[in-house]
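Here the structure is laid out as C-alpha coordinates; the discussion comes afterwards.
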Amino acid sequence: MVDLWHVTFEVFRQKDNQKSHFNFFELDINPDEYVLDGIERIWAFTDRTLVFSHACHHSTCGACGMLVNGVEKLTCITSIRDVTRDGGKIRIEPLRNFPIISDLSVDMSSLYSRMEAVGHQPILPIQEEDSKGKVKSEGDLLRLADCIECGLCISACPIALTTSNYIGPAVLAGAQQHGELTPCILELVNSENGAWRCHSAYECTEVCPSNVDPAWRIMELRRKIIANRFSSFFTRK
Amino acid sequence: MSEYPQQPGKLIKWFDPRHRSLGSWAFILNRVTGLGLTLYLFLHLIMLGQLAKGPDAYDGFIALVKNPVFLVGELLVIAAALIHGLNGIRVGLTSFGIGNSKQKQLFIILMSLAAVAIIYFAFRMFAH
Ligand code: SF4
Ligand code: FES
(Lines give C-alpha, C1' and ligand atoms only; values in the text may rest on other atoms or scores of the structure.)
(Ligands and ions follow the chains in the order given, each with its own letter.)
Protein backbone atom coordinates (compact mmCIF):
# COMPACT_ATOMS: atom_id res chain seq x y z
CA MET A 1 0.00 0.00 0.00
CA VAL A 2 1.57 3.28 -1.13
CA ASP A 3 1.37 6.30 1.13
CA LEU A 4 -0.37 9.11 -0.70
CA TRP A 5 1.02 12.64 -0.59
CA HIS A 6 -1.15 15.68 -0.09
CA VAL A 7 -0.10 18.13 -2.79
CA THR A 8 -1.46 21.53 -3.82
CA PHE A 9 -1.37 22.15 -7.57
CA GLU A 10 -1.17 25.87 -8.36
CA VAL A 11 -2.35 25.99 -11.94
CA PHE A 12 -1.98 28.94 -14.31
CA ARG A 13 -5.25 29.92 -15.99
CA GLN A 14 -5.86 32.27 -18.89
CA LYS A 15 -8.63 32.29 -21.46
CA ASP A 16 -8.98 34.54 -24.51
CA ASN A 17 -6.28 37.03 -23.53
CA GLN A 18 -8.06 37.79 -20.25
CA LYS A 19 -5.99 38.58 -17.19
CA SER A 20 -4.20 35.47 -15.94
CA HIS A 21 -4.59 33.99 -12.46
CA PHE A 22 -3.79 30.79 -10.58
CA ASN A 23 -6.28 28.16 -9.39
CA PHE A 24 -5.43 25.92 -6.44
CA PHE A 25 -6.32 22.21 -6.45
CA GLU A 26 -5.68 19.88 -3.52
CA LEU A 27 -4.82 16.31 -4.47
CA ASP A 28 -3.98 13.15 -2.55
CA ILE A 29 -1.62 11.50 -4.98
CA ASN A 30 0.94 8.71 -5.22
CA PRO A 31 4.33 10.52 -5.34
CA ASP A 32 5.57 8.07 -7.96
CA GLU A 33 2.91 9.25 -10.40
CA TYR A 34 3.79 11.98 -12.85
CA VAL A 35 2.86 15.66 -12.85
CA LEU A 36 0.75 15.09 -15.97
CA ASP A 37 -1.28 12.44 -14.07
CA GLY A 38 -2.14 15.05 -11.47
CA ILE A 39 -3.19 17.58 -14.13
CA GLU A 40 -5.34 14.97 -15.85
CA ARG A 41 -6.97 14.09 -12.54
CA ILE A 42 -7.82 17.75 -11.94
CA TRP A 43 -9.38 17.90 -15.40
CA ALA A 44 -11.26 14.59 -14.99
CA PHE A 45 -12.69 15.12 -11.51
CA THR A 46 -12.64 18.83 -10.71
CA ASP A 47 -12.44 21.23 -13.63
CA ARG A 48 -13.34 20.23 -17.17
CA THR A 49 -12.47 23.69 -18.48
CA LEU A 50 -8.74 23.20 -17.82
CA VAL A 51 -6.88 23.15 -21.14
CA PHE A 52 -3.52 21.41 -21.53
CA SER A 53 -1.72 19.44 -24.23
CA HIS A 54 -0.47 15.86 -24.17
CA ALA A 55 -0.53 12.74 -26.29
CA CYS A 56 1.93 9.89 -25.88
CA HIS A 57 2.60 9.88 -22.11
CA HIS A 58 6.13 8.53 -22.69
CA SER A 59 8.33 11.47 -23.74
CA THR A 60 7.99 10.93 -27.47
CA CYS A 61 5.44 13.40 -28.82
CA GLY A 62 6.82 16.51 -27.10
CA ALA A 63 3.34 17.89 -26.40
CA CYS A 64 3.28 18.03 -22.61
CA GLY A 65 6.00 20.60 -21.91
CA MET A 66 5.18 23.03 -19.11
CA LEU A 67 6.92 25.03 -16.41
CA VAL A 68 6.94 22.96 -13.23
CA ASN A 69 7.95 25.13 -10.29
CA GLY A 70 9.50 27.55 -12.78
CA VAL A 71 11.54 24.98 -14.71
CA GLU A 72 10.76 23.53 -18.15
CA LYS A 73 9.76 19.87 -17.90
CA LEU A 74 8.04 17.17 -19.89
CA THR A 75 5.23 16.61 -17.39
CA CYS A 76 4.64 13.02 -18.51
CA ILE A 77 8.04 11.92 -17.19
CA THR A 78 8.43 14.29 -14.25
CA SER A 79 7.48 12.44 -11.10
CA ILE A 80 5.68 14.22 -8.28
CA ARG A 81 8.38 13.01 -5.88
CA ASP A 82 11.06 14.87 -7.83
CA VAL A 83 9.42 18.29 -7.68
CA THR A 84 7.70 18.53 -4.30
CA ARG A 85 7.21 16.86 -0.90
CA ASP A 86 4.26 15.61 1.14
CA GLY A 87 2.23 18.71 2.04
CA GLY A 88 4.06 20.75 -0.62
CA LYS A 89 2.90 22.46 -3.77
CA ILE A 90 3.56 22.29 -7.48
CA ARG A 91 3.23 25.41 -9.59
CA ILE A 92 2.28 24.65 -13.18
CA GLU A 93 2.59 27.29 -15.91
CA PRO A 94 2.61 27.21 -19.71
CA LEU A 95 5.92 27.32 -21.60
CA ARG A 96 7.37 30.80 -22.02
CA ASN A 97 8.06 32.55 -25.33
CA PHE A 98 5.07 31.02 -27.13
CA PRO A 99 1.58 32.55 -27.45
CA ILE A 100 -0.87 30.99 -24.98
CA ILE A 101 -3.83 29.29 -26.63
CA SER A 102 -5.61 28.59 -23.35
CA ASP A 103 -4.41 27.85 -19.80
CA LEU A 104 -1.41 25.50 -20.13
CA SER A 105 -1.56 25.03 -23.88
CA VAL A 106 0.69 27.12 -26.14
CA ASP A 107 0.90 27.68 -29.90
CA MET A 108 4.12 26.09 -31.12
CA SER A 109 3.46 26.58 -34.85
CA SER A 110 6.46 28.91 -35.11
CA LEU A 111 8.73 26.09 -33.95
CA TYR A 112 7.20 23.51 -36.29
CA SER A 113 7.35 25.72 -39.38
CA ARG A 114 10.93 26.74 -38.65
CA MET A 115 11.94 23.11 -38.10
CA GLU A 116 10.48 22.31 -41.49
CA ALA A 117 12.34 25.24 -43.05
CA VAL A 118 15.72 23.88 -41.88
CA GLY A 119 14.90 20.40 -43.11
CA HIS A 120 14.73 18.69 -39.73
CA GLN A 121 13.97 15.00 -40.21
CA PRO A 122 11.80 13.56 -37.42
CA ILE A 123 12.62 10.02 -38.58
CA LEU A 124 16.12 8.94 -39.56
CA PRO A 125 17.75 5.77 -40.83
CA ILE A 126 19.69 4.25 -37.96
CA GLN A 127 22.95 4.49 -39.88
CA GLU A 128 22.56 8.26 -39.67
CA GLU A 129 22.68 8.18 -35.89
CA ASP A 130 22.64 11.84 -34.88
CA SER A 131 24.07 11.79 -31.42
CA LYS A 132 27.39 13.53 -31.83
CA GLY A 133 28.81 11.74 -34.79
CA LYS A 134 28.31 8.11 -33.71
CA VAL A 135 27.62 6.31 -36.96
CA LYS A 136 26.23 2.78 -36.84
CA SER A 137 24.95 0.70 -39.68
CA GLU A 138 21.78 -1.23 -38.84
CA GLY A 139 20.32 -2.13 -42.23
CA ASP A 140 17.06 -0.44 -43.16
CA LEU A 141 15.91 0.25 -39.63
CA LEU A 142 14.52 3.68 -38.80
CA ARG A 143 14.60 5.65 -35.60
CA LEU A 144 12.99 8.79 -34.25
CA ALA A 145 15.30 11.80 -34.27
CA ASP A 146 16.51 12.92 -30.88
CA CYS A 147 14.66 16.23 -31.02
CA ILE A 148 10.98 15.68 -30.18
CA GLU A 149 10.09 19.33 -30.89
CA CYS A 150 8.88 19.90 -27.36
CA GLY A 151 9.92 23.57 -27.28
CA LEU A 152 11.42 23.37 -23.76
CA CYS A 153 14.69 24.86 -25.05
CA ILE A 154 12.94 27.86 -26.60
CA SER A 155 11.01 28.46 -23.39
CA ALA A 156 14.22 28.39 -21.35
CA CYS A 157 16.32 30.50 -23.73
CA PRO A 158 16.92 34.05 -22.47
CA ILE A 159 17.48 35.27 -26.04
CA ALA A 160 14.11 33.94 -27.21
CA LEU A 161 12.76 35.91 -24.25
CA THR A 162 14.12 39.13 -25.72
CA THR A 163 13.03 38.73 -29.33
CA SER A 164 10.46 36.70 -31.20
CA ASN A 165 12.62 36.81 -34.33
CA TYR A 166 15.34 34.53 -32.92
CA ILE A 167 14.78 31.18 -34.57
CA GLY A 168 15.78 29.36 -31.41
CA PRO A 169 17.95 26.47 -30.20
CA ALA A 170 15.86 23.55 -31.48
CA VAL A 171 15.77 24.99 -35.00
CA LEU A 172 19.50 25.71 -35.07
CA ALA A 173 20.16 22.21 -33.74
CA GLY A 174 17.86 20.88 -36.46
CA ALA A 175 19.87 22.74 -39.11
CA GLN A 176 23.11 21.33 -37.72
CA GLN A 177 21.70 17.83 -37.68
CA HIS A 178 20.39 18.15 -41.24
CA GLY A 179 23.99 18.18 -42.39
CA GLU A 180 23.94 20.02 -45.68
CA LEU A 181 23.79 23.81 -45.55
CA THR A 182 21.62 24.50 -48.61
CA PRO A 183 21.34 28.17 -49.66
CA CYS A 184 17.88 28.40 -48.04
CA ILE A 185 19.02 26.93 -44.73
CA LEU A 186 22.17 29.05 -44.80
CA GLU A 187 20.15 32.22 -45.29
CA LEU A 188 18.06 31.34 -42.26
CA VAL A 189 20.84 30.32 -39.89
CA ASN A 190 23.65 32.64 -41.00
CA SER A 191 21.74 35.74 -39.96
CA GLU A 192 21.35 38.05 -37.01
CA ASN A 193 18.38 35.97 -35.85
CA GLY A 194 20.13 32.70 -36.50
CA ALA A 195 23.24 31.08 -35.06
CA TRP A 196 24.92 34.42 -34.30
CA ARG A 197 22.24 35.58 -31.88
CA CYS A 198 22.99 32.89 -29.30
CA HIS A 199 24.71 34.42 -26.24
CA SER A 200 25.98 31.18 -24.69
CA ALA A 201 23.55 30.90 -21.77
CA TYR A 202 23.30 27.11 -22.25
CA GLU A 203 19.78 26.99 -20.80
CA CYS A 204 18.64 24.98 -23.83
CA THR A 205 20.99 22.11 -23.06
CA GLU A 206 20.11 22.40 -19.37
CA VAL A 207 16.40 21.67 -19.95
CA CYS A 208 16.44 19.49 -23.10
CA PRO A 209 14.82 16.17 -22.11
CA SER A 210 16.32 14.33 -25.05
CA ASN A 211 19.79 13.62 -26.33
CA VAL A 212 20.11 16.77 -28.43
CA ASP A 213 22.50 19.13 -26.58
CA PRO A 214 21.30 22.11 -28.63
CA ALA A 215 23.99 24.51 -27.30
CA TRP A 216 26.75 22.24 -28.57
CA ARG A 217 24.99 21.95 -31.92
CA ILE A 218 24.67 25.75 -32.24
CA MET A 219 28.42 26.14 -31.76
CA GLU A 220 29.04 23.31 -34.21
CA LEU A 221 26.72 25.01 -36.70
CA ARG A 222 28.74 28.22 -36.38
CA ARG A 223 31.86 26.30 -37.30
CA LYS A 224 30.07 24.85 -40.31
CA ILE A 225 28.83 28.27 -41.41
CA ILE A 226 32.34 29.75 -41.21
CA ALA A 227 33.81 26.79 -43.11
CA ASN A 228 31.10 27.21 -45.73
CA ARG A 229 31.77 30.95 -46.11
CA PHE A 230 35.50 30.36 -46.39
CA SER A 231 35.20 27.68 -49.04
CA SER A 232 32.65 29.65 -51.06
CA PHE A 233 34.96 32.71 -50.89
CA PHE A 234 37.84 30.75 -52.40
CA THR A 235 35.79 28.87 -54.97
CA ARG A 236 33.97 31.98 -56.19
CA LYS A 237 34.51 32.54 -59.88
CA MET B 1 7.58 32.64 -41.00
CA SER B 2 6.68 35.78 -39.15
CA GLU B 3 3.01 34.81 -39.36
CA TYR B 4 3.52 32.62 -36.29
CA PRO B 5 5.47 34.86 -33.97
CA GLN B 6 6.86 33.56 -30.73
CA GLN B 7 5.96 35.64 -27.76
CA PRO B 8 8.88 37.48 -26.17
CA GLY B 9 8.71 38.13 -22.43
CA LYS B 10 8.44 41.44 -20.67
CA LEU B 11 11.66 43.44 -20.18
CA ILE B 12 11.79 42.76 -16.44
CA LYS B 13 11.95 39.00 -17.11
CA TRP B 14 15.23 39.47 -18.98
CA PHE B 15 16.84 40.09 -15.62
CA ASP B 16 15.07 37.41 -13.61
CA PRO B 17 17.49 34.57 -12.72
CA ARG B 18 15.01 32.56 -10.61
CA HIS B 19 14.91 28.85 -11.50
CA ARG B 20 17.61 29.35 -14.12
CA SER B 21 21.12 27.92 -14.29
CA LEU B 22 24.56 29.53 -14.16
CA GLY B 23 24.44 30.36 -17.89
CA SER B 24 21.58 32.78 -17.29
CA TRP B 25 23.60 34.52 -14.60
CA ALA B 26 26.36 34.94 -17.18
CA PHE B 27 23.86 36.30 -19.69
CA ILE B 28 22.28 38.72 -17.18
CA LEU B 29 25.67 39.95 -15.93
CA ASN B 30 26.81 40.54 -19.49
CA ARG B 31 23.66 42.52 -20.29
CA VAL B 32 23.77 44.65 -17.15
CA THR B 33 27.50 45.38 -17.45
CA GLY B 34 27.17 46.03 -21.19
CA LEU B 35 24.41 48.58 -20.58
CA GLY B 36 26.39 50.12 -17.72
CA LEU B 37 29.54 50.47 -19.82
CA THR B 38 27.59 52.07 -22.66
CA LEU B 39 26.12 54.59 -20.24
CA TYR B 40 29.59 55.24 -18.87
CA LEU B 41 30.92 55.90 -22.35
CA PHE B 42 28.41 58.74 -22.75
CA LEU B 43 29.29 60.17 -19.33
CA HIS B 44 32.97 59.93 -20.23
CA LEU B 45 32.43 61.87 -23.44
CA ILE B 46 30.55 64.57 -21.53
CA MET B 47 33.43 64.72 -19.07
CA LEU B 48 35.94 65.10 -21.87
CA GLY B 49 33.78 67.91 -23.22
CA GLN B 50 34.70 69.85 -20.07
CA LEU B 51 38.24 70.17 -21.42
CA ALA B 52 36.94 72.48 -24.10
CA LYS B 53 35.47 74.86 -21.50
CA GLY B 54 38.82 75.95 -20.18
CA PRO B 55 41.04 75.01 -17.20
CA ASP B 56 38.73 76.35 -14.45
CA ALA B 57 35.72 74.32 -15.51
CA TYR B 58 37.94 71.25 -15.87
CA ASP B 59 39.57 71.70 -12.43
CA GLY B 60 36.13 72.12 -10.83
CA PHE B 61 34.97 68.93 -12.47
CA ILE B 62 38.05 67.01 -11.32
CA ALA B 63 37.47 68.19 -7.75
CA LEU B 64 33.91 66.88 -7.98
CA VAL B 65 34.92 63.42 -9.23
CA LYS B 66 37.39 62.97 -6.36
CA ASN B 67 34.31 62.70 -4.13
CA PRO B 68 33.89 59.14 -2.67
CA VAL B 69 30.56 58.70 -4.45
CA PHE B 70 32.32 59.13 -7.76
CA LEU B 71 35.07 56.76 -6.62
CA VAL B 72 32.45 54.09 -6.01
CA GLY B 73 31.11 54.83 -9.49
CA GLU B 74 34.59 54.38 -10.93
CA LEU B 75 34.97 51.08 -9.11
CA LEU B 76 31.66 49.96 -10.62
CA VAL B 77 33.01 50.80 -14.07
CA ILE B 78 36.15 48.75 -13.40
CA ALA B 79 34.02 45.87 -12.09
CA ALA B 80 31.74 46.03 -15.14
CA ALA B 81 34.69 46.05 -17.53
CA LEU B 82 36.29 43.06 -15.80
CA ILE B 83 33.09 41.01 -15.65
CA HIS B 84 32.08 41.85 -19.22
CA GLY B 85 35.56 41.32 -20.62
CA LEU B 86 36.29 38.05 -18.85
CA ASN B 87 32.85 36.61 -19.59
CA GLY B 88 33.42 37.75 -23.16
CA ILE B 89 36.42 35.42 -23.27
CA ARG B 90 34.13 32.54 -22.21
CA VAL B 91 31.58 33.45 -24.88
CA GLY B 92 34.31 33.78 -27.51
CA LEU B 93 35.93 30.45 -26.70
CA THR B 94 32.71 28.46 -26.48
CA SER B 95 31.39 30.09 -29.65
CA PHE B 96 34.12 28.37 -31.55
CA GLY B 97 33.67 25.03 -29.86
CA ILE B 98 36.36 25.41 -27.19
CA GLY B 99 35.39 24.36 -23.67
CA ASN B 100 31.69 23.85 -24.39
CA SER B 101 31.30 21.04 -21.92
CA LYS B 102 33.22 23.01 -19.29
CA GLN B 103 31.48 26.35 -19.75
CA LYS B 104 30.20 26.44 -16.15
CA GLN B 105 33.65 25.83 -14.69
CA LEU B 106 35.06 28.41 -17.11
CA PHE B 107 32.50 30.95 -15.89
CA ILE B 108 33.28 30.26 -12.23
CA ILE B 109 37.05 30.56 -12.79
CA LEU B 110 36.78 33.77 -14.82
CA MET B 111 34.35 35.38 -12.37
CA SER B 112 36.61 34.42 -9.46
CA LEU B 113 39.44 36.19 -11.28
CA ALA B 114 37.18 39.21 -11.75
CA ALA B 115 36.29 39.20 -8.04
CA VAL B 116 39.97 39.10 -7.00
CA ALA B 117 40.81 41.95 -9.39
CA ILE B 118 37.83 44.04 -8.19
CA ILE B 119 38.89 43.59 -4.54
CA TYR B 120 42.45 44.58 -5.48
CA PHE B 121 41.30 47.76 -7.25
CA ALA B 122 38.91 48.64 -4.42
CA PHE B 123 41.75 48.29 -1.95
CA ARG B 124 44.06 50.47 -4.06
CA MET B 125 41.41 53.15 -4.60
CA PHE B 126 40.13 53.45 -1.04
CA ALA B 127 43.34 52.79 0.87
CA HIS B 128 44.46 56.41 0.49
S1 SF4 C 1 16.23 20.51 -28.74
FE2 SF4 C 1 15.58 19.34 -26.89
S3 SF4 C 1 14.37 20.86 -25.73
FE4 SF4 C 1 14.58 21.69 -27.80
S5 SF4 C 1 12.72 21.03 -28.87
FE6 SF4 C 1 14.31 19.47 -29.28
S7 SF4 C 1 14.03 17.90 -27.67
FE8 SF4 C 1 12.89 19.73 -27.00
S1 FES D 1 2.80 13.39 -23.51
FE2 FES D 1 4.13 13.00 -25.20
S3 FES D 1 6.02 13.77 -24.51
FE4 FES D 1 4.78 13.97 -22.77
Side-chain angles (χ1 to χ4, degrees), chain A residues 67-72 91 93-100 106-117 151 154-168 171 188 193 195-196 198-207 213 215-224 226, chain B residues 1-38 80 83-111 113-114:
Chain A
L67 291 190
V68 178
N69 292 338
V71 183
E72 287 74 10
R91 195 177 175 89
E93 295 164 272
L95 291 184
R96 309 186 304 171
N97 306 332
F98 292 104
I100 294 170
V106 295
D107 180 358
M108 297 214 288
S109 352
S110 57
L111 169 62
Y112 304 144
S113 57
R114 284 168 170 164
M115 286 302 256
E116 211 176 312
I154 290 172
S155 173
C157 173
I159 312 299
L161 191 64
T162 61
T163 172
S164 56
N165 295 327
Y166 177 45
I167 64 175
V171 182
L188 205 58
N193 291 312
W196 305 109
C198 167
H199 282 47
S200 307
Y202 289 83
E203 291 290 357
C204 50
T205 290
E206 205 70 39
V207 299
D213 195 350
W216 175 83
R217 287 185 189 276
I218 293 172
M219 304 314 170
E220 198 53 31
L221 181 64
R222 284 179 172 171
R223 278 226 291 242
K224 262 186 172 176
I226 291 173
Chain B
M1 238 153 294
S2 51
E3 66 264 31
Y4 302 121
Q6 285 163 200
Q7 188 94 41
K10 294 201 179 81
L11 184 72
I12 190 78
K13 287 193 184 161
W14 295 11
F15 302 102
D16 183 357
R18 282 175 302 163
H19 311 298
R20 307 267 62 114
S21 70
L22 211 53
S24 274
W25 281 98
F27 170 74
I28 292 168
L29 276 175
N30 242 30
R31 273 243 144 161
V32 172
T33 52
L35 288 171
L37 288 170
T38 311
I83 293 169
H84 199 84
L86 287 169
N87 191 30
I89 292 174
R90 166 183 161 273
V91 173
L93 287 175
T94 53
S95 289
F96 292 96
I98 303 164
N100 258 302
S101 58
K102 295 273 181 287
Q103 58 89 18
K104 281 187 188 167
Q105 291 88 328
L106 203 54
F107 179 67
I108 292 169
I109 292 169
L110 290 168
M111 288 307 103
L113 274 179

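What you see is a predicted model; the values in this text were computed from it and never measured.
Here A/Arg217 does not pair with A/Glu220 in a salt bridge; the nearest charged N to carboxylate O distance is not below 4.0 Å.
Of the atoms belonging to B/Arg20, heavy atoms from both backbone and side chain fall under 4.5 Å from chain A. Heavy-atom distances place the side chain of A/Glu206, and not its backbone, under 4.5 Å from chain B. A/Ile218 does not touch chain B: none of its heavy atoms, backbone or side chain, sits under 4.5 Å away. Interface residue A/Ala156: backbone and side-chain heavy atoms are both found under 4.5 Å from chain B.
Ring planes of B/Phe27 and A/His199: perpendicular class, angle over 60° (limits at 30 and 60°).
When each of B/Thr94, B/Leu93, B/Leu106 is tested with B/Asn100 by the rule side chain to side chain contact (heavy atoms under 4.5 Å, CB included), just one qualifies, namely B/Thr94.
Side-chain contact between B/Ile89 and B/Leu86 is present, with at least one heavy-atom pair separated by less than 4.5 Å.
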